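All ligand and atom numbering here is 1-based and tracks the order in the structure. These figures come from a predicted structure and were not determined experimentally. Reckoned from all heavy atoms, side chains included, excluding hydrogens, waters and symmetry mates.
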Amino acid sequence: MALSTAQTGESMHSSTFASRYVRTALPRFRIPEQSIPKDAAYQIINDELMLDGNPRLNLASFVTTWMEPECDKLMMAAINKNYVDMDEYPVTTELQNRCVNMIAHLFNAPIGDDETAVGVGTVGSSEAIMLAGLAFKRKWQNRRKAEGKPYDKPNIVTGANVCWEKFARYFEVELKEVKLTEGYYVMNPEKAVEMVDENTICVAAILGSTLTGEFEDVKLLNDLLVAKNAETGWDTPIHVDAASGGFIAPFIYPDLEWDFRLPLVKSINVSGHKYGLVYAGVGWVIWRNKEDLPEELIFHINYLGADQPTFTLNFSKGSNQIIAQYYQLIRLGFEGYKDIMQNCRDNATVLREGIEKTGYFDVVSKDSGVPLVAFSLKDSSRYTVFEVAESLRRFGWIVPAYTMPADAEHVAVMRVVIREDFSRGLAERLIADLTKTMADMDAHAGKKAVAAEPAKKTVREIEKEVTTYWRRLVAGKKSSLVC
Ligand SMILES: Cc1ncc(COP(=O)(O)O)c(C=O)c1O
């Protein structure tokens with residue numbers, strides 16, 4: 001950007017862009033008095049954004065960072081469509097309804113082939129969870145009122161999940177959390193069912209722990225709760241938070257019973273923007289039946305035309321994520337999703353084995369579940385995972401380090417989420433860079449390495465050993481990447 005003062009009409013001293021460079025502080029608190037040229041605005045913002053991390057190297061996130069250019073084109077074309085103008089954009093509304101139907105069928109909702117499913121597109125799983133929670137709360141209150149019982153102390157039983165914590169706080173529901181313990185990082189169904197009482201609006205299970213990717217045992221939870229309901233006369237239902245797992249389990253664990261095949265599962269949420277393979281901004285909530293979504297929560301608006309029933313927290317939002325979700329569902333089909341999920345799982349295995357091979361880490365994630373690798377240091381007396389993560393950033397990698405929630409908070413882990421765009425080539429580089437990082441950490445700590453004899457080896461020797469091992473492993477595996 002090289003605007004002359006004559007072009008901009010601004011003086012050398014007062015203009016932010018009097019020459020090539022910014023000469024005054026950027027506006028941070030107040031809207032500026034004067035306009036600036038559009039290319040100057042572009043340059044200022046673009047320059048600053050260069051300092052954000054590279055989304056493709058952000059291994060912290062489950063959220064999609066790559067889509068096909070054809071889909072990008074569709075999304076850009078719809079960037080000016082407000083989803084809430086349903087009468088004006090009926091096709092977009094129709095596409096959302098088709099997505100709801102397809103996802104409901106994927107989750108084995110008890111509906112006929114041509115029947116419309118009950119569900120809605122949301123901004124993400126968090127909004128979906130708020131809506132599902134509200135439906136449970138209202139159903140529970142209605143039942144209690146009809147029975148002439150108090151309905152002012154609802155509670156929800158769940159494992160560790162900030163979304164449910166948020167729901168509980170915002171919508172005045174007591175949160176009964178099943179505590180995690182070291183080595184067991186998902187909700188224990190037995191403990192959960194013990195905590196259920198007559199005021200429990202639902203038990204929320206998680207299919208794909210944010211911490212370790214592990215699937216909770218929803219089938220066992222269902223069976224235990226069926227027995228408890230029969231014994232007590234209560235009618236406690238289950239919600240499955242399948243934010244990550246909802247687009248994984250149907251494809252690569254088809255025999256796992258976690259969805260509407262289980263009678264007490266009344267609603268399920270899933271993030272379209274995670275393994276649904278759409279950019280950030282779309283989630284879904286599906287109810288088993290019409291009866292599971294109290295009619296009084298459905299809001300009828302007569303906005304810009306016809307009557308439109310809605311059940312969302314927000315009215316206006318972009319249409320493009322809905323369009324992109326429909327693109328992915330029809331473009332990939334069952335076959336494509338299955339291939340991609342399988343490939344992610346294979347890459348997770350390769351990465352896990354490479355990380356174990358360095359000798360520095362214990363892997364705490366499981367082989368099945370969401371494809372991710374969570375690992376802790378075998379010896380954190382000389383440096384911590386936080387320092388390792390920080391050091392890895394110099395190669396460009398963004399790998400989060402965090403402590404586990406209450407009762408297991410002394411365990412600190414790093415986590416790499418395997419998304420579709422994290423290829424085997426990148427997995428190989430990450431292992432190599434992690435190996436270099438660990439050698440540096442040892443050198444800086446000024447002590448011998450903790451792993452089985454690594455201090456006697458040079459960095460080159462360790463690298464070579466890991467790479468040879470990795471190559472041998474990969475050679476036997478077939479690539480199934482679709483896109
Ligand atoms: C289990 C679980 N539930 C809910 C959420 C929130 O999802 P979203 O970011 O789509 O709102 C997450 C986010 O990672 C999650 O892992």
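A side-chain donor-acceptor contact under 3.5 Å links E387 and T384. A donor-acceptor contact under 3.5 angstrom links the side chains of N108 and D259, judged on distance only. Using modelled atom types, one finds no donor on one side chain facing an acceptor on the other under 3.5 Å when comparing T64 with H273. Looking at D235 and N229, their side chains never bring a donor and an acceptor atom within 3.5 Å of each other.
Heavy-atom contacts of I206 reach the following atoms of ligand 1: 1 (C) (cutoff under 4.0 Å). Close approach to G124 involves these atoms of ligand 1, each under 4.0 Å from a residue heavy atom: 10 (O), 11 (O). For ligand 1, the atoms lying closer than 4.0 Å to a non-hydrogen atom of H273 are 8 (P), 9 (O), 10 (O).
Taking atom 14 (O) of ligand 1 as the reference point, the nearest protein heavy-atom neighbour is K274 NZ, 3.1 Å. The protein atom (non-hydrogen) at minimum distance from atom 16 (O) of ligand 1 is T210 OG1, 2.7 Å. Among protein heavy atoms, atom 1 (C) of ligand 1 sits closest to D241 OD2, 3.3 Å. Nearest protein heavy-atom contact of atom 11 (O) of ligand 1 is S126 OG, 2.4 Å.
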Review point. Y253 and F215: ring-ring contact (aromatic ring centres under 6.0 Å, His included), yes or no, with the steps?
Key: CA-CA 11 Å; Y253 305 107; F215 291 164; 5.7 Å; yes

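Ligand 1 has at least one atom lying under 4.0 Å from a heavy atom of C163.
If you look at E127 next to ligand 1, there are no close heavy atoms at all, none under 4.0 Å. Contacts of S271 with ligand 1, taken as heavy-atom pairs under 4.0 Å, involve the side chain alone. Contact annotation: for N161 versus ligand 1, heavy atoms closer than 4.0 Å belong to the side chain alone.
Put simply, the side chain of N320 does not reach to within 4.5 Å of the side chain of L74, judged on heavy atoms.
Annotation: cation-pi pair K317/Y83 present, NZ/CZ under 6.0 Å from the ring centroid and within 45° of its normal.
Looking at R138 and E296, a side-chain N of the basic residue comes within less than 4.0 Å of a carboxylate O on the acidic one, giving a salt bridge.
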